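Ligands are counted one by one from 1 in listed order, and the atoms in each one are counted from 1 as well. All of these numbers come straight from a predicted model, not from anything done at the bench. These values consider heavy atoms only, across backbone and side chains, with no hydrogens, waters or symmetry-generated copies.
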Amino acid sequence: MKANIGITDKNKQAVVTVLNVLLADEHVLYTKTRNYHWNYEGDNFMEMHKLYEGQYDELAEIIDEVAERIRMLGHYPEGRMKDFLKLTRLQEQDYTSEQNEQVKNLLADHESIITSIRIVINKMNDTWKDAGTTDFVTGLMEQHEKMAWMLRSYLR
Ligand SMILES: [Fe+2]
């Protein structure tokens with residue numbers, strides 16, 4: 001049954017298109033963070049292992065919330081790895097066990113997600129009239145800002 005929530009079909013479709021790309025980005029960042037949780041080597045092993053675990057747990061929650069937000073708009077989220085890889089704006093790098101490289105790669109991805117959310121927020125609210133999703137992605141942006149700050153604090 002159609003979601004009759006006061007947003008036009010065209011606007012819902014526009015919002016869902018943005019959310020599916022965000023969903024793809026979150027999956028790539030989740031996988032990268034988990035990869036580093038497994039493959040870190042260095043003096044700070046346990047600290048980084050745990051830091052990455054906390055972040056990928058948070059990203060797993062975000063993934064679920066983004067997908068369910070798409071369902072609330074009456075659409076279907078993407079759900080296949082090949083679709084996420086097609087849609088994502090993020091890059092996967094070669095394997096690395098090195099802290100600085102890992103932290104820089106993760107930070108760049110968080111900052112890219114933050115920037116892309118910030119760019120689309122006004123359109124989401126003013127053009128597509130979706131106050132709910134605007135509020136939702138603003139909260140996600142803040143979560144990414146906090147994760148980015150923590151990663152950035154390891155770099156000088
Ligand atoms: Fe683990």
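In terms of modelled atom types and a separation under 3.5 Å, the side chain of N105 and the main chain of E101 share a donor-acceptor contact.
A pairwise comparison of heavy atoms in T96 and E98 identifies OG1-N, 3.1 Å as the closest pair. Closest non-hydrogen pair, P77 versus R71, comes out as CD-CD, 3.5 Å.
At a cut-off of 3.5 Å, with distance as the only test, no side-chain donor of T138 or E142 sits close to an acceptor on the other residue. Side-chain atoms of D126 and N122 include no donor-acceptor pair closer than 3.5 Å.
Residue-and-atom listing of protein N/O/S atoms under 2.8 Å from the Fe ion (ligand 1), sorted by chain and number: H37 NE2.
When each of F84, Y56, Y36 is checked for a ring-ring contact (aromatic ring centres under 6.0 Å, His included) with Y30, only Y56 meets the rule.
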